[in-house]
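To start, the structure itself, in structure tokens.
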Amino acid sequence: MADIRLTELVRSSGCNAKLPPGKLSQVLGSLPKVDDARLLGGYEKSDDACVYDIGDGRVIIETVDFFPPMVDDPFVFGEIAAANALSDIYAMGGTPAVALSLMCFPSCLDLSVMRSIMLGAMEKTKEAGCVIAGGHTISDREPKFGLCVTAVERKESVWTNSGAVEGDCLVLTKKLGSGVMMTGSKGGETEAADAIESMRTLNKRAAETARELRVHAATDVTGFSLLGHSFEMADGSDLTVHLSLSSLRFFPESYDLARFGFLPEGRYTNEDYLHDKVSFDCRVDKVHQDLLFSPETSGGLLLALPEEDAELFVSRFGEPSAIVGRVGRRSGCRVAVDM
């Protein structure tokens with residue numbers, strides 16, 4: 001049992017396992033709107049977490065995220081899953097406080113694997129200043145793990161993905177290409193060490209750096225790809241996001257992996273949903289389009305700030321953050337990829 005690879009037990013992995021955005025949009029759009037004045041942000045706004053007013057100037061920010069493994073090391077899987085779930089709180093401007101774990105575990109694995117996953121998650125939540133206080137475990141054919149995370153913040157400190165202002169610069173805090181890298185890793189084409197290190201890195205420092213600045217809108221880049229999450233920000237703000245391809249940072253190996261077809265399934269379902277919402281400069285080649293449509297796992301924060309604040313963020317945070325685009329008035333497609 002000790003020789004079983006976690007990634008051999010799953011059909012999909014990481015944020016690539018998300019339900020396709022078109023299908024999710026279809027279901028959520030058919031549900032009745034929640035009529036509660038205390039619910040300041042719910043599923044209908046496409047934000048990264050819900051926001052609930054508790055009536056004393058504070059709000060609860062809550063999110064849940066879990067997925068199948070993209071790595072074989074159970075401790076590292078626990079770290080990545082925890083970092084990914086915690087990221088939704090950071091994307092809302094919050095500080096994670098308490099978490100509950102969600103574990104789906106197959107009978108073919110030794111219980112030591114479950115313990116290692118939990119230890120990895122506990123290590124990462126400890127780094128975040130958050131505690132895992134309990135959880136729920138079920139038997140399943142495929143292993144899956146994640147967290148439900150809660151934060152308590154002042155109402156005025158909460159970020160949303162729908163407040164971008166015309167003229168804002170867009171800052172991205174991590175490299176792109178993790179989904180392609182992990183697909184290549186599963187195929188034995190790369191060890192993907194840089195991507196794994198990025199995925200297990202918290203967005204804590206990025207959020208703390210941004211809190212000192214004027215953040216108009218924020219989200220994190222995960223399963224719906226940079227293009228999908230940029231679209232949500234543009235649509236919610238009723239503006240157009242212009243991304244600069246030359247400013248985007250990718251894991252170097254991801255180019256060749258994409259060129260040779262190591263693309264996650266989510267790359268295609270994302271394009272199915274976004275094909276009429278995104279435009280590309282004619283010079284943007286297919287490899288870059290593949291990378292931009294591909295899901296990311298535990299990706300970076302995407303922040304909309306005034307130009308001065310964006311420059312301050314990049315100078316303070318350093319690599320691999322970069323100004324990757326601008327927000328303009330609504331025109332044509334919601335997202336435009338320029339050279």
Side-chain angles (χ1 to χ4, degrees), residues 10-34 41-50 63-68 70 84-85 87-88 91-92 142 144 146 160-162 164 170 172 176-180 182-183 217-243 248 258 261-280 284 286-300 302 325 327 330-337:
V10 299
R11 184 185 65 83
S12 190
S13 62
C15 287
N16 183 51
K18 280 188 173 183
L19 191 70
K23 292 183 178 180
L24 179 60
S25 178
Q26 181 180 346
V27 173
L28 295 182
S30 71
L31 297 177
K33 184 177 181 180
V34 178
Y43 61 80
E44 74 282 355
K45 294 186 177 180
S46 299
D47 258 316
D48 297 292
C50 73
T63 187
V64 60
D65 213 320
F66 69 106
F67 48 50
M70 72 302 294
N84 183 73
S87 181
D88 284 341
M92 299 293 292
E142 292 190 358
K144 304 175 187 73
T160 73
N161 68 355
S162 57
L170 295 170
L172 184 60
L176 297 167
S178 64
V180 171
M182 300 319 299
T183 303
T219 188
D220 62 343
V221 179
T222 54
F224 295 153
S225 76
L226 175 62
L227 297 179
H229 293 290
S230 295
F231 165 74
E232 289 177 339
M233 182 180 288
D235 192 52
S237 305
D238 197 24
L239 296 165
T240 292
V241 161
H242 295 267
L243 296 172
L248 294 170
F262 288 94
L263 301 172
E265 180 183 357
R267 176 258 178 268
Y268 301 102
T269 57
N270 284 338
E271 184 180 17
D272 286 345
Y273 178 65
L274 295 166
H275 73 277
D276 60 346
K277 303 172 178 65
V278 177
S279 66
F280 292 95
V284 179
K286 185 179 183 301
V287 169
H288 283 100
Q289 292 184 36
D290 287 337
L291 288 167
L292 292 175
F293 278 122
S294 290
E296 303 290 330
T297 295
S298 190
L302 181 67
V327 179
R330 181 176 178 177
S331 60
C333 291
R334 287 296 197 186
V335 181
V337 181

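The side-chain heavy atoms of L274 and S225, taken from C-beta on, include a pair separated by under 4.5 Å. For the pair C333 and K277, the minimum side-chain heavy-atom distance is 4.5 Å or more. Contact annotation: the side chain of F224 never approaches that of Y273 to less than 4.5 Å [non-hydrogen atoms, C-beta and beyond]. M92 has its side chain out of reach of T63: every pair of non-hydrogen atoms, C-beta onward, lies at least 4.5 Å apart. Using a 4.5 Å cut-off on side-chain heavy atoms (C-beta onward), L263 and Y268 make contact. Residues T297 and M70 form a side-chain contact, since some pair of their non-hydrogen atoms from C-beta on lies under 4.5 Å apart.
Taking every heavy atom of both residues into account, S298 and C15 meet most closely at N-SG, 4.5 Å. Listed here is the closest heavy atom pair of V335 and S230: CG2-C, 3.9 Å. For L239 against A164, the heavy-atom pair with the smallest separation is CD1-O, 3.3 Å. In plain terms, the two heavy atoms of N16 and P295 that are nearest each other are OD1-CG, 3.5 Å. Closest non-hydrogen pair, N270 versus S294, comes out as ND2-C, 4.3 Å. Between S162 and A217, the shortest heavy-atom distance links the atoms N-CB, 4.3 Å.
The number of heavy-atom neighbours closer than 6.0 Å to CD of E265, taken from other residues, nucleotides and ligands shown, is 12 or below.
Atom CD in E296 sits 5.0 Å away from atom CG in L176 (nearest 0.5 Å). Here the CG-CE distance, from L302 to M233, works out to 4.5 Å after rounding to the nearest 0.5 Å. How far CG of L291 is from CG of L248: 10.0 Å, rounded to the nearest 0.5 Å. Atoms CZ and OG1, from R330 and T240 in turn, are 7.5 Å apart once rounded to the nearest 0.5 Å.
For the side chain to side chain donor-acceptor pair (under 3.5 Å) with T219, the lone residue among T160, D48, N161, D88 that qualifies is D48. None of L227, L172, V278, V284 except one satisfies the side chain to side chain contact (heavy atoms under 4.5 Å, CB included) rule with L243; the exception is L227.
In this structure a side-chain-to-backbone donor-acceptor pair under 3.5 Å is missing from T269 to P20. Side-chain atoms of E271 never come within 3.5 Å of backbone atoms of F293 as a donor-acceptor pair (strictly under, hydrogens ignored). Remark: side-chain polar atoms of S25 are not paired, donor with acceptor, to backbone N or O of P21 under 3.5 angstrom.
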**OP:** Would you sort out whether N84 and T222 count as a side-chain contact (heavy atoms from CB on, under 4.5 Å), showing the intermediate values?
**Re:** CA-CA 8 Å; N84 183 73; T222 54; 3.7 Å; yes
Original post:
Between V180 and D290, does a side-chain contact (heavy atoms from CB on, under 4.5 Å) hold up when you go through it step by step?
Top reply: CA-CA 9 Å; V180 171; D290 287 337; over 6 Å; no
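Taking the charged nitrogens against the carboxylate oxygens, R267 and D272 have no contact shorter than 4.0 Å, which rules out a salt bridge.
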